[in-house]
There are 2 protein chains.
Amino acid sequence: MQDASDRDGAETLTAGDGESQIAYKLRLAQIAAYRAFEERVTGYGKAPRYLGLLMIIGANPGSNQSSLAEAVGLRRSSLVAILDQLERDRIVRRDPAPDDRRSKAVRLTGHGSRVLKELTEEAEAHEAALTRGIPEADLAILRAALDRIILNMRALDMPAANAAADRTDSLSRS
Amino acid sequence: MQDASDRDGAETLTAGDGESQIAYKLRLAQIAAYRAFEERVTGYGKAPRYLGLLMIIGANPGSNQSSLAEAVGLRRSSLVAILDQLERDRIVRRDPAPDDRRSKAVRLTGHGSRVLKELTEEAEAHEAALTRGIPEADLAILRAALDRIILNMRALDMPAANAAADRTDSLSRS
DNA sequence: AGCGAATTGTTCGACCCCGAACTAACATGA
DNA sequence: TCATGTTAGTTCGGGGTCGAACAATTCGCT
């Protein structure tokens with residue numbers, strides 16, 4: 001390998017042995033996709049950044065914050081400021097939970113539901129740009145593979161679930 | 001949809017309409033994989049977090065910081081503190097570039113090369129855990145799809161490259 | 001040769017996420 | 001009942017990335 005400073009400096013660098021690593025591609029793809037979406041949709045405050053959270057809240061109204069945090073892959077503590085902002089923007093409400101005075105039932109407001117609908121349309125356009133040129137059959141494989149990766153990584157955090165991961169593709173937790 | 005606070009609180013939440021979104025799966029998979037790797041390998045300081053960078057430096061010795069930043073998907077300014085730490089840990093050197101007094105030629109030290117080799121082995125084990133249960137044929141499709149996604153997203157940042165992205169799967173830049 | 005534009009590395013302030021610690025409330029068991 | 005442990009939400013400090021600005025240097029054009 002010749003020294004990079006000898007070559008034409010305007011080229012893309014070779015990625016080294018890690019270029020075929022899926023973990024590495026995963027990282028690059030996610031960062032690029034995340035940025036592109038935020039550049040695409042403006043004028044909604046910080047809702048686009050937390051679209052995944054809003055979708056989960058919309059699909060599971062009344063969930064508590066701990067469940068939401070786990071569902072979106074964040075820590076409980078990180079969710080606090082996020083919900084503070086979404087609440088300030090009247091997108092989300094924190095009601096007292098009926099059965100447990102510690103927890104709060106998180107729901108979309110009417111305005112939040114409208115914002116979610118509009119952002120979902122943007123996300124679909126983004127998804128189309130993301131997957132442009134990839135055949136539908138490959139997309140199905142991609143989805144399944146990503147699901148399996150998520151499952152594999154979560155199994156490392158909770159060793160008790162390893163046996164289940166060995167056996168089956170089931171998404172249920174013991 | 002019944003209220004979540006009525007149901008058994010110990011279940012995994014449904015992901016809503018976005019559950020099939022590749023952008024969303026991508027995000028969850030990347031975050032989980034990133035965390036799992038950092039938990040796996042300890043005792044190397046902050047080198048594991050920047051393994052991708054080290055691999056690129058190893059494969060392209062003497063590159064300047066701007067090229068490295070673009071290659072790993074970071075900003076020039078973010079790379080400064082990272083290289084400061086890696087230099088402090090004697091993993092990386094910043095030599096003056098021979099042909100341009102503005103830029104610096106980044107290289108691995110001898111110690112850095114050894115660390116890279118050991119971390120690469122850890123990364124291979126991580127990759128195996130990551131892809132466990134996914135057939136090799138699907139992994140090939142996964143790799144190709146991720147490459148295409150990265151290409152698609154970078155095309156959005158540099159509209160001049162759109163024509164090329166429309167035409168072909170070539171990785172070359174105009 | 002010379003002047004404006006672009007590039008390189010850097011610093012700085014803002015923002016976001018994490019982990020640890022804390023309080024309030026629930027759960028369990030002697 | 002009451003002590004112990006666990007869980008929900010929160011606060012706070014640390015660290016990482018970004019964007020904007022800046023000095024030094026190089027490029028491009030005349």
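As the structure is a computational prediction, the values presented were derived from the model and not from experiment. What's counted below: heavy atoms across the whole structure, side chains too, no hydrogens, waters or symmetry copies. Just so it is clear: chains get the letters A, B, ... in the order the sequence lines come, proteins before strands, and each one is counted from 1.
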- Message: Could you check whether B:Lys104 pairs with B:Asp95 (Lys NZ or Arg NE/NH1/NH2 to Asp/Glu carboxylate O, under 4.0 Å)?
- Response: no

- Please find the earliest and latest nucleotides of DNA chain D, in the 5' to 3' direction, that have an atom within less than 4.0 Å of any heavy atom of chain A. D:dT7 to D:dC18

- Determine: side-chain N/O of A:Tyr50 to OP1/OP2 of C:dC17, distance under 4.0 Å, yes or no. yes

- Query: So if you build clusters from Ile, Leu, Val, Met, Phe, Trp, Tyr with side-chain heavy-atom gaps below 4.5 Å, do B:Tyr24 and A:Val115 land together?
  - Reply: yes

- Of all residues at least two apart in sequence or in a different chain, which pass the side-chain contact (heavy atoms from CB on, under 4.5 Å) check with A:Arg49? A:Tyr34, A:Glu38

- Note on the structure: In this structure, OH of B:Tyr50 is separated from CD1 of B:Ile56 (nearest 0.5 Å) by 14.0 Å

- Linking I/L/V/M/F/W/Y whenever their side-chain heavy atoms sit closer than 4.5 Å, directly or via other members, would B:Leu139 and A:Ile141 fall into one cluster? no

- Can you list the residues that meet the side-chain contact (heavy atoms from CB on, under 4.5 Å) rule with A:Arg101, with sequence neighbours excluded? none

- Within the structure shown, what part of the strands sits under 4.0 Å from B:Leu79 by heavy-atom distance: base, sugar-phosphate, or nothing? nothing

- Note on the structure: Ranking A:Arg101 and A:Leu74 by the position along DNA chain C of their nearest nucleotide, the one closer to 5' is A:Leu74

- Task: Can you measure from CG (A:Leu119) to CZ (A:Arg114) and round to the nearest 0.5 angstrom?
- Result: 13.0 Å

- List for me each residue that meets side-chain contact (heavy atoms from CB on, under 4.5 Å) alongside A:Ser66, sequence neighbours excluded, and say none if there are none. A:Asn64, A:Arg76

- Would you give a per-nucleotide map of nucleotides 2-15 of chain C, 5' to 3', where B means the base has a protein non-hydrogen atom under 4.0 Å away, S means only the sugar-phosphate does, and - means neither? -----BBBBB----

- Item | Bend angle of the helix from C:dA1-D:dT30 to C:dA30-D:dT1, end axes from five pairs each (to 10°) | 30°

- Message: Once rounded to the nearest 0.5 Å, what's the spacing between atom NE2 of A:His111 and atom CD1 of A:Ile91?
- Response: 6.0 Å

- Task: Answer yes or no: is there a side-chain heavy-atom contact under 4.5 Å between A:Ile82 and A:Leu74?
- Result: yes

